[in-house]
Amino acid sequence: MNFKKVAPIAAAVLAAVSYTQAAQASERVILQVDNANKGIVTALSRQLGGEVKLEADGFISVEFEGKSFDEIKGILKNPHIKLVEQDFKRTPMALYNDDAGNPMVDQLTPYAVYQSQVKQVAFNLGAAPKVCVIDSGLDRSNIDFEWGSITGDNDSGTGRWDVNGGPHGTHVAGTIGAADNGVGVVGMAPGVPMHIIKVFNASGWGYSSDLAYAAQKCKAAGAKIISMSLGGGGSNTTESNAFQSFVDGGGLVVAAAGNDGNNVRSYPAGYTSVMMVGANDANNNIADFSQFPSCTSGSGKTATTNEKICVEVTAGGVDTLSTYPAGMATVASLTTSNGAFAASAMENVGTASGATFFMGTAETVNSGAAGKICVIDRGVISFHDKVKNCQTSGGIGAILINNVAGMLYGTLGEGTANTTRIPAVGAAFEDRAALLAATSATVAIEGGDYGYMSGTSMATPAVSGVAALVWSNHPSCTGEQIRSALKATAKDSGAAGKDVYFGYGIVQAKAAHDYLVAQGCGTSGGGSAITLSAVSYSSKGKRLVDLKWANATGSSVDVFRNNAKLVTTANDGLYTDTLSVRGTYNYKVCNAGTTVCSSTQTVVY
């Protein structure tokens, strides 16, 4: 697909939360006190060397230099003080974060693993389904894979499957199955068997026929899951039939929705046989690039709605940390006297350590920076010129801090445009106060085997890996049953109920596993799943929706509209709903009085 280019900047290898390497030079405490005695306690605190930071109703906050919390409690024994508590630091943070550390020496868990409940489900490697990754190849130079369980197909047009055609395929494969081996990253289904098919040529693209052929190769290799972080415009029956055949054989096909941030339907994700995946970030927000095609095709009387032609679920796909071909990524690290912080790499490889010097926006040369690490605010002049002024001042490294929330990702220019040589890293605005307070710092930029990418291309392997994890515990299920379980248990995000951005929501491994434990792979009674179609049209000035279903059991069914029961009606396979206002309507049909239901069908009127 046309996915956004993301530089292999491997930025935030250190999470910006609650991690310190040096003892705090000061301790801040809260003193609970009656307001009438606040003046006495304030004066006492100052006599004991404390600096009052805040006075509020019923308490004050005081900072003491060079004293531990226990020492402070010892000197503040006073009948006017009700309680002494630690005044803990609070910093803005994502709902989910990558583990702190350097993936070149530690094993880190990417945020999407936590977000998708992967850590809450045991992986049954012995029953795990093989995942076929159709992409740009998986480079053998990265050690973070169980290579004994990985196979692939060579192609005369694209070359060896285990030699990269760019980092994309290696990054994707790592999200699915990077090994749990104490280094690098860990995948959704660590060490899962994989089959690699390299479809991208030297120019970075392939054809729909390549994908149809690849689907056949996946089937021949014994794969049960196909993962495709790719796509493009237009559909054809050859490609569609190839994936339908794979699904008819019990498999699951997963593909990316696309990265253009519009409502265009991309293929192969747009085929009904393929599960379309969107991308969300670490805060459970939809990614601004994630495509959101409608679930309705056609118009008027011929309009049909099918939830399998639009986004069905999402997973983490923004700033995703994963594997790269060896040395192809750039790893940045930033440690200070106040601890370690997230950082993004700029171009100059190297390491520098020293005292810090704040240069403001670094618009001019300042001799005070000589021999020091320059701490610089974003704004006014270019990143290159800021770093150049630090270097000209004798600075040995630079930390550039964002002036808006989030990480600063910057560049110093390509080739001869970059006249700087000292290592420089970007830092988040949220860490500004702590960085300015630090007295020393070490900045390091080095080539690495792990880096960051963003896109629905990154969310897709996350879903594929979650599917493999869940399926390993329920090997008698079919791919369609795994697909249904992931949708039925996804975490609702965005607008209430199913929507075009998130589909059913963010995939949840534990919830899907529990669902299958309770429900089994099939429906109650061992029958076929309830199927539902919804067709909207106008007749004699009325807005109508025909609901048609099959495979329901019992004499009656419950019809739901927008998650509220609309009616209990005879199980005769047909019900017509009348709408009074325009809007988006989600329907499902259930066996009366049960939770055995069809998939949701959406009508936009």
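The structure displayed is predicted, hence computed values, not measured ones. Note that the numbering runs from 1 along the sequence shown for the chain.
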Visitor: Which atom pair, heavy atoms only, marks the closest approach of S273 to V247?
Guide: O-CG2, 3.3 Å

Visitor: Would you mind listing every salt bridge (charged side-chain N to carboxylate O under 4.0 Å, His left out) that reaches into residues 160-185, with sequence neighbours excluded?
Guide: R140-D162, R160-D162

Visitor: Of all the heavy-atom pairs spanning L125 and P190, show the shortest one and how long it is.
Guide: CD1-O, 4.4 Å

Visitor: Side-chain contact test, heavy atoms from C-beta onward, threshold under 4.5 Å: evaluate it for R265 versus I309 and give yes or no.
Guide: yes

Visitor: Judged by atom type as modelled, is there a donor-acceptor pair below 3.5 Å linking the side chain of S322 to the main-chain atoms of T320?
Guide: no

Visitor: Checking Y452 against S344: is there a side-chain donor and acceptor pair closer than 3.5 Å?
Guide: no

Visitor: If we only count heavy atoms from C-beta on, is the L230 to L211 side-chain gap below 4.5 Å?
Guide: yes

Visitor: Quick one: list whatever passes ring-ring contact (aromatic ring centres under 6.0 Å, His included) with Y537, sequence neighbours left out.
Guide: none

Visitor: Once salt bridge (charged side-chain N to carboxylate O under 4.0 Å, His left out) is applied, what residue pairs with a partner in residues 454-464 remain, sequence neighbours excluded?
Guide: none

Visitor: Please enumerate all residues that pass side-chain contact (heavy atoms from CB on, under 4.5 Å) together with S598, with sequence neighbours excluded.
Guide: I530, L532, K588, V589

Visitor: Decide side chain to side chain contact (heavy atoms under 4.5 Å, CB included) for V466 and L486; before the verdict, give the C-alpha distance in whole Å, the side-chain angles of both, and the deciding distance to 0.1 Å.
Guide: CA-CA 9 Å; V466 168; L486 293 179; 4.0 Å; yes

Visitor: Considering only heavy atoms from C-beta outward, does the side chain of M458 approach that of H168 to under 4.5 Å?
Guide: yes

Visitor: Taking atom types as modelled and ignoring hydrogens, do the side chains of D577 and Y587 form a donor-acceptor contact shorter than 3.5 angstrom?
Guide: yes

Visitor: Does F123 reach the side chain of V192, with side-chain heavy atoms less than 4.5 Å apart?
Guide: yes

Visitor: If only atom types and distance count, is the side chain of D281 paired as donor or acceptor with the main-chain N or O of A287 below 3.5 Å?
Guide: no

Visitor: Any heavy-atom pair between the side chains of S229 and D135 that's under 4.5 Å?
Guide: yes

Visitor: Check the pair V545, Y585 against side chain to side chain contact (heavy atoms under 4.5 Å, CB included), reporting the backbone distance first and the verdict last.
Guide: CA-CA 10 Å; V545 179; Y585 298 91; over 6 Å; no

Visitor: So, S290 side chain and A279 main chain: donor-acceptor pair closer than 3.5 Å or not?
Guide: yes

Visitor: Shortest non-hydrogen contact from P268 to A255?
Guide: CG-CB, 4.3 Å

Visitor: Closest approach of A212 and E239, non-hydrogen atoms and distance?
Guide: CB-CA, 4.1 Å

Visitor: Look at the side chain of E480 and the backbone N and O of G251, then say whether any donor-acceptor pair between them is shorter than 3.5 Å.
Guide: no

Visitor: Could you give me the CA-CA distance, side-chain angles and deciding distance for T600 and Y504, then say whether side chain to side chain contact (heavy atoms under 4.5 Å, CB included) is met?
Guide: CA-CA 9 Å; T600 299; Y504 283 96; 2.8 Å; yes

Visitor: Would the distance check show the side chain of D144 and the main-chain N or O of V185 forming a donor-acceptor pair, the cut-off being under 3.5 Å?
Guide: yes

Visitor: In this structure, are over 12 heavy atoms from other groups packed under 6.0 Å from K548 atom NZ?
Guide: no

Visitor: With the side chain counted from C-beta on, respond yes when V133 and P461 share a heavy-atom pair under 4.5 Å apart, and no when they do not.
Guide: no

Visitor: Sequence neighbours excluded, which residues qualify as side-chain contact (heavy atoms from CB on, under 4.5 Å) partners of V121?
Guide: L469, N473, A509, K510, H513

Visitor: Would you indicate whether Y501, at its atom OH, is surrounded by more than 12 heavy atoms from other residues, nucleotides or ligands within a distance under 6.0 Å?
Guide: no

Visitor: Partners of Y575 by ring-ring contact (aromatic ring centres under 6.0 Å, His included), sequence neighbours excluded?
Guide: none

Visitor: According to side chain to side chain donor-acceptor pair (under 3.5 Å), who are the partners of D210, at least two apart in sequence or on a separate chain?
Guide: none

Visitor: What pairs with F243 under ring-ring contact (aromatic ring centres under 6.0 Å, His included), at least two apart in sequence or on another chain?
Guide: none

Visitor: Please name the pair of heavy atoms, one in G137 and one in I196, separated by the smallest distance, quoted to 0.1 Å.
Guide: CA-CG2, 3.9 Å

Visitor: Under the side-chain contact (heavy atoms from CB on, under 4.5 Å) test, which residues partner N164, sequence neighbours left out?
Guide: D139, T170, P325, M328

Visitor: Strictly distance-based, threshold 3.5 Å: is any side-chain N or O of Q107 a donor or acceptor partner for the main-chain N or O of N181?
Guide: yes

Visitor: Taking D153 as the fixed residue, which of H195, K217, K198 is the one that meets the side chain to side chain donor-acceptor pair (under 3.5 Å) rule?
Guide: H195

Visitor: Can you tell me if N259 uses its side chain to pair, donor with acceptor, with the backbone of F289 under 3.5 Å?
Guide: no

Visitor: Within the side chain of E146, is there an N or O that forms a donor-acceptor pair under 3.5 Å with the backbone of A179?
Guide: no

Visitor: Between Y111 and V318, does the side chain to side chain contact (heavy atoms under 4.5 Å, CB included) criterion hold? Intermediate values first, please.
Guide: CA-CA 10 Å; Y111 76 84; V318 178; 4.1 Å; yes

Visitor: With sequence neighbours left out, write down each residue that passes ring-ring contact (aromatic ring centres under 6.0 Å, His included) with Y515, or none if nothing qualifies.
Guide: none

Visitor: Are more than 12 heavy atoms from other residues, nucleotides or ligands located less than 6.0 Å from atom OH of Y213?
Guide: no

Visitor: If you look only at pairs with a residue in residues 459-469, which of them pass as a side-chain hydrogen bond (donor to acceptor under 3.5 Å, both in side chains), with sequence neighbours excluded?
Guide: S227-S464

Visitor: Give, for atom NE2 of H171 and atom OG1 of T323, the distance between the pair rounded to the nearest 0.5 Å.
Guide: 7.0 Å

Visitor: With sequence neighbours excluded, what pairs up with T314 under the side-chain contact (heavy atoms from CB on, under 4.5 Å) test?
Guide: N280, I286, V311, F502, I506

